[in-house]
Amino acid sequence: MDSLILLFCSFISCVILVSLLFQFFNDRYLKSYNRKLLYVLLPIVSIAIVTPINMIMSPLLNLLANVTWIGFVSYFFYYEENDRKFMRIFESEALFMVIGVAEALGVFLIDLIMEIMQIIPQSTEIQKSIETAFSKIVLLFLYYAVFSRLWKKSFLRTKTQYILYLIMFLYSVVNVLIIAVISDRENPLILMVIVGSTIFANMYLLSFIKFSDERNYYRMQLEMMEQQEKLQYDKYEIQREKYKEAMAILHDVDKHMKMIEGLYQENLKREALNYTEQIRKMLQPLVPFRYTDNPVLNCLLSDKKRVADSSGISFKIEIDDVDISYMKPIDITTLFGNLIDNALEANKKCTEKKYIGLYIKEYNEMLSIRIENSVDKFVVIKNGRIDSNNEKRNGIGLLNIQKCVEDYLGSIIYKYTNQLLVCDIVLNRVDE
């Protein structure tokens with residue numbers, strides 16, 4: 001029975017170690033071969049090789065085998081676009097060391113807890129099983145809640161997800177302590193089954209939460225792209241309407257010219273001037289006001305100014321002689337379109353002062369953007385960000401703004417003052 005418990009503990013340890021390392025490989029690197037079966041068999045073969053070596057209970061041999069195996073797999077079966085072979089091996093070996101420290105921490109904690117609670121296992125083998133279970137639970141919690149976040153920072157995470165991690169961890173700890181208490185009254189084989197079930201259930205549920213994180217991230221990315229497409233489509237619709245208006249005027253331009261000529265021939269100069277003024281007013285909306293040399297931003301600001309005027313919103317625009325040629329047209333539309341749309345949306349709720357101000361300046365190749373708008377109620381700002389619970393409607397728009405700012409190595413700060421929401425953005429020149 002003692003040998004069986006030892007085999008069980010070694011097997012569990014190797015399965016968890018191999019699973020986490022291959023998750024790291026797959027998340028961090030690219031696969032060298034397009035053979036799905038190969039990457040299914042590779043973890044199985046690794047477990048079959050490492051487990052017997054682990055059972056010998058020689059720390060030096062165990063360390064040497066794992067270091068060799070990890071280096072071999074990371075070097076020959078995975079790669080990176082920038083081809084950092086030795087750095088890839090170093091990162092993999094460093095993670096293995098961190099895993100070892102996490103497991104040692106788990107063993108230390110459970111021994112300390114059992115000592116405080118005066119829980120004495122029936123045998124050394126049962127204590128080994130309890131230590132294995134607790135150390136693996138600590139390792140899994142740290143890997144999914146902390147370690148994996150270091151190389152997958154882009155995924156969106158919420159407080160709820162971290163609370164779920166903590167609840168699962170505490171639940172598993174209670175299970176292990178219960179196992180330790182009843183260890184002297186139950187068959188060791190039954191305890192092994194309970195321990196194994198607890199560890200693998202924990203690993204499955206944590207993997208499921210990780211999968212949910214990734215799914216939410218990609219769903220958010222899709223919504224952000226859809227929102228960008230909508231902005232582009234709205235811009236296209238506005239230009240299409242302008243084109244129709246222009247074509248309608250051009251269609252009757254001959255009639256208008258003859259009418260003006262006729263009025264002059266009849267010496268009706270005042271009437272001719274009035275008619276000319278009417279034609280000018282018809283053409284004025286079709287010609288964008290020149291706010292900047294950038295045609296995309298110029299058209300966008302002209303359209304948004306027209307919307308603001310029709311809604312009774314005072315829209316002040318001040319732009320210095322700035323160069324934004326390094327910005328992609330889609331980024332210009334996304335950034336300024338979202339900023340102004342959010343400001344317009346906020347002004348619609350205001351009953352008194354309706355105001356939007358846009359100020360763009362340039363300092364040493366850094367673009368400074370400030371947009372301020374009236375709001376109908378107090379806006380909660382935390383650490384320079386709009387509180388997520390306070391702004392739900394424009395959540396995707398805010399994320400798109402944040403992404404654009406990050407793409408240009410910039411910063412964004414919100415603040416609320418005197419019934420005005422102020423957004424200050426600084427962008428750096430990023431040349432292709």
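Residue numbers run from 1 in the order of the sequence given.
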* To do: Please name all residues satisfying ring pair (Phe, Tyr, Trp, His ring centres under 6.0 Å) with Tyr416, sequence neighbours left out, ordered by chain then number.
  => Phe378
* Please determine if Arg306 and Asp303 form a salt bridge, counting it only when a charged side-chain N lies under 4.0 Å from a carboxylate O. => yes
* Ser74 backbone acceptor or donor facing Arg88 side chain under 3.5 Å -> yes
* Report yes or no: do Glu372 and Tyr355 form a side-chain donor-acceptor pair below 3.5 Å? => yes
* Ionic contact status for Lys328 with Asp407, cut-off 4.0 Å -> no
* To do: Could you tell me whether the side chain of Lys316 reaches within less than 4.5 Å of the side chain of Tyr359, counting heavy atoms only?
  => yes
* To do: Look at the rings of Tyr75 and Phe86 and say which category their plane angle falls in: under 30° parallel, 30 to 60° tilted, over 60° perpendicular.
  => tilted
* Asked: Centres of the Tyr39 and Phe22 rings: under 6.0 Å?
  -> no
* Asked: Which value, rounded to the nearest 0.5 Å, describes the distance between Ile313 atom CD1 and Ile356 atom CD1?
  -> 5.0 Å
* Asp331 versus Tyr408, side-chain donor and acceptor atoms under 3.5 Å -> yes
* Check: Asp323 side chain, Ser325 main-chain N or O, donor-acceptor pair, under 3.5 Å -> yes
* Hey, what's the ring geometry for Phe134 with Phe169, parallel, tilted or perpendicular (30° and 60° as the breaks)? -> tilted
* Hey, is the main chain of Thr132 close enough, under 3.5 Å, to the side chain of Ser135 for a donor-acceptor pair? -> yes
* After noting the C-alpha distance and the side-chain angles of Val380 and Lys382, does the key distance pass the side chain to side chain contact (heavy atoms under 4.5 Å, CB included) rule? -> CA-CA 7 Å; Val380 180; Lys382 292 183 178 179; 4.2 Å; yes
* Between Asn294 and Thr292, do the side chains contain an N or O donor and an N or O acceptor separated by less than 3.5 Å? -> no
* **Polar side chain donor-acceptor pair, Glu365 to Tyr326, under 3.5 angstrom** => no
* Backbone of Ile413 reached by a side-chain donor or acceptor of Asp424 within 3.5 Å -> no
* Ignoring hydrogens and angles, state whether a donor on the side chain of Asn342 or Asn338 is under 3.5 Å from an acceptor on the partner side chain. => no
* Does one side chain, of Tyr78 or Asn26, offer a donor that lies under 3.5 Å from an acceptor on the other? -> yes
* Do Lys348 and Ser311 get their side chains close enough for a donor-acceptor pair, meaning under 3.5 Å? -> no
* Please work out whether the ring planes of Phe72 and Phe77 are parallel, tilted or perpendicular, with thresholds of 30° and 60°. => perpendicular
* Structure fact -> One should read off an interatomic distance between Leu358 CG and Phe336 CZ, to the nearest 0.5 angstrom, of 6.5 Å
